[in-house]
2 protein chains.
Amino acid sequence: MNLEQVARRAKVSTATVSRVLNNASVVKSTTRARVVKAIEELKYHPNLHARSLAGGKSRTIGVIASNMENPFFFDIYKTIESDAHTRGYEVVMANTDYRSEQLVTSVRLMIGRRVAGLAVIVSEMAPELMDELNDARIPVVFYDVGTPRGNVTNIRVNYRRGIEKVVDYLHSLGHRRLGFIGHHAILGPINERMKAVMDAVARIPSLEVRTAADADTLEGGRQAARQLLSNGYEPTAIICVNDVTAVGVLRELRERGLRVPQDVSVTGFDNVKLSEFCYPALTTVHIPREQIGHIICESLMSKSGKSAVAEAEIVIDPEFVLRDSTGPVPPGK
Amino acid sequence: MNLEQVARRAKVSTATVSRVLNNASVVKSTTRARVVKAIEELKYHPNLHARSLAGGKSRTIGVIASNMENPFFFDIYKTIESDAHTRGYEVVMANTDYRSEQLVTSVRLMIGRRVAGLAVIVSEMAPELMDELNDARIPVVFYDVGTPRGNVTNIRVNYRRGIEKVVDYLHSLGHRRLGFIGHHAILGPINERMKAVMDAVARIPSLEVRTAADADTLEGGRQAARQLLSNGYEPTAIICVNDVTAVGVLRELRERGLRVPQDVSVTGFDNVKLSEFCYPALTTVHIPREQIGHIICESLMSKSGKSAVAEAEIVIDPEFVLRDSTGPVPPGK
DNA sequence: TGGAGTGATGTAAGCGCTGTCATCGAACGT
DNA sequence: ACGTTCGATGACAGCGCTTACATCACTCCA
């Protein structure tokens with residue numbers, strides 16, 4: 001079922017059918033009606049591949065994230081999708097699961113699809129891959145990628161400020177022995193986030209911190225908590241890299257008979273919906289996901305218009321959110 | 001950057017480049033090396049649209065779900081994706097957000113992309129849309145769509161059995177006044193699931209039930225609970241259509257000072273990871289999402305091979321999972 | 001009355017691939 | 001020495017669209 005058959009049935013040329021499909025106003029209304037009728041009768045659906053190929057544009061934007069299971073990323077995705085739709089764009093998503101080969105595959109897939117723009121929401125990305133993307137002349141927006149290269153917009157969260165707020169608050173409650181739970185991608189002193197944590201703690205001499213890591217899933221958080229508490233270390237407060245992980249930690253503590261916040265305080269990061277709904281509700285740091293989604297989409301759209309916009313860095317300041325999972329250090333600890 | 005330029009640089013024909021790209025073994029290794037070199041030097045990425053168009057196949061399968069935010073659907077999606085990848089297929093996803101126009105749009109988009117197969121994981125679908133899909137000759141697998149039409153495989157969960165197990169268990173604990181929390185799509189006596197609930201309750205004369213609904217989100221569950229409890233009704237047990245909703249209900253009960261399970265019992269459905277991690281851990285019904293994902297993928301693959309396989313219905317029997325959110329009816333209730 | 005202007009439609013050349021068929025040189029058997 | 005076979009490669013016709021550009025029938029005004 002193709003354009004030509006529709007054209008034949010409506011007794012017009014393929015160009016006219018194409019014009020009808022693309023809402024060109026030049027078509028006479030009686031002709032248009034004939035064409036529409038033929039389309040319906042034949043149950044015709046335009047071939048999007050042919051369209052993209054012939055038109056030289058795909059009207060599609062790609063979103064690559066490291067873990068769509070985490071509602072934080074999904075919220076960003078949803079905003080992008082909604083914004084894109086209102087502008088007549090489609091969105092294709094790819095999940096990398098924190099695997100760098102998967103990231104390479106996904107990026108190439110997006111290039112192959114000739115997406116009109118690409119949002120990359122992963123914490124780590126090889127410089128060569130950034131170059132590859134840059135050479136493909138695809139407008140790109142990074143979220144939270146350490147050191148971007150090329151003509152891209154990079155959106156960063158001031159993680160440092162966020163973590164400082166958390167550390168300061170815990171310190172004000174009298175906590176001294178802290179735990180930090182991250183995930184593979186960010187553990188290691190090279191990582192910006194990891195450094196932020198270490199620096200925030202180092203500012204206050206009386207503070208001590210140990211770290212543990214796993215993927216940012218419920219189960220991962222639990223495993224990491226187990227690991228953190230396994231070698232006799234008894235933190236009075238545990239800082240988590242995000243809310244999902246924190247919920248996993250909450251469970252492990254419960255299982256060990258440790259009450260939150262009476263025995264141990266726990267903090268999350270992101271302020272996803274779940275952080276309000278778990279028990280106890282998490283003290284966390286809000287990151288405005290919708291705003292991030294809007295910025296990404298807008299930036300992508302403006303870039304695909306002009307040829308070469310100067311690269312930009314956008315920094316977002318997170319807000320501290322006080323809930324029920326934090327409390328004063330237990331007496332005698 | 002296209003095939004021709006690569007061919008020119010490697011001093012071969014476009015056909016040979018194409019053969020290299022598609023791993024045809026007929027190419028002499030020295031020629032292959034020249035081509036690979038040219039591809040790398042030019043940073044060439046094949047245009048997937050052209051490939052699909054010329055090849056007449058897309059090696060892509062589509063997945064449409066009503067709410068990817070719910071980990072239940074996402075788990076199915078992930079399994080499909082992983083299975084598809086091992087077979088060299090790509091996956092594109094679409095989220096309908098329970099909106100029927102969005103479903104129509106998504107289905108047409110998939111047809112337009114000429115996907116090799118399509119999984120539709122939504123509870124409700126207009127018959128005309130099913131016909132449209134059928135006419136497009138795309139292999140389709142439905143999950144949990146009420147009354148499928150055309151040459152499709154339909155995977156159903158024996159919801160009836162699942163809900164009976166829940167109702168029977170609550171009855172055995174002495175509960176009489178029940179609440180059921182669904183979501184828009186399933187409320188209304190026509191719906192299979194709704195009927196299952198009503199029938200399961202009707203079997204036992206002493207039982208009474210009232211219903212409330214909202215979307216299957218944390219917030220939606222909370223709203224629905226509020227609605228259910230707003231008009232003086234005091235159920236001693238609340239059955240939820242899924243786990244996410246149940247976690248929302250848990251929060252509302254906590255806010256009202258009602259203890260679970262001492263004052264009110266709550267049950268979920270699906271047995272997503274979160275159901276173990278929330279507090280209290282949910283008594284629920286397990287639905288094997290990975291199995292469903294595997295079946296979907298396999299069915300799709302086998303269909304795209306043969307021309308017309310007989311339609312099939314696969315029914316999955318759910319299992320009752322006892323945890324901490326259910327207990328005996330409070331004395332005097 | 002004739003040419004310019006205009007609105008509606010047709011013609012046809014690609015877009016970047018794949019896949020069929022043709023070609024060509026080398027090795028082989030007789 | 002000559003036809004045969006075969007492995008390796010090239011030529012080229014599409015796939016189903018979009019989009020200049022051409023065309024054609026009118027209308028309008030000098």
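All chains are named by letter (A, B, ...) in the order of the sequence lines, taking the proteins before the strands, and each is independently numbered beginning at 1.
Looking at heavy-atom distances under 4.0 Å, Ser52(A) makes no contact with the nucleic acid at all. Contact annotation for Gly55(B): backbone-only contact, meaning every heavy-atom pair under 4.0 Å involves sugar-phosphate atoms and none involves a base. Contact annotation for Thr16(A): backbone-only contact, meaning every heavy-atom pair under 4.0 Å involves sugar-phosphate atoms and none involves a base.
Distances were taken from every side-chain heavy atom of Ser13(B) (C-beta onward) to each of dT9(D), dT18(D), dT9(C); the shortest belongs to dT9(D). Closest to the Leu53(B) side chain, of the nucleotides dA11(D), dG16(C), dT19(D), is dG16(C). Ranking dG19(C), dT18(D), dT18(C) by closeness to the Ala54(B) side chain, first place goes to dT18(C).
For Thr31(B) and dT9(D), the shortest distance from a side-chain N or O to OP1 or OP2 is below 4.0 Å. Put simply, Asn2(B) has a side-chain N or O that comes within less than 4.0 Å of OP1 or OP2 on dG16(C). Note on Lys57(B): a side-chain N or O is less than 4.0 Å away from OP1 or OP2 of dG19(C).
A 4.5 Å side-chain heavy-atom check between Leu21(A) and Leu3(A) finds at least one atom pair inside the cut-off. The shortest distance between side-chain heavy atoms of Val141(B) and Val152(B) does not fall below 4.5 Å.
Map Asn47(A) and Lys11(B) each onto its nearest nucleotide of DNA chain D; the residue landing nearer the 5' end is Lys11(B).
A salt bridge is defined here as a Lys NZ or Arg NE, NH1 or NH2 lying under 4.0 Å from an Asp or Glu carboxylate O, and Arg193(B) with Asp144(B) meets this definition. For Glu313(A) and Arg156(A), the salt-bridge test passes: some basic side-chain N is under 4.0 Å from an acidic carboxylate O.
Judged by distance alone, with hydrogens and angles left aside, Arg19(A) brings a side-chain donor or acceptor within reach of the base of dG10(C), the pair sitting under 3.5 Å. Taking only distance into account, the side chain of Arg114(B) never meets the base of dG16(D) through a donor-acceptor pair shorter than 3.5 Å.
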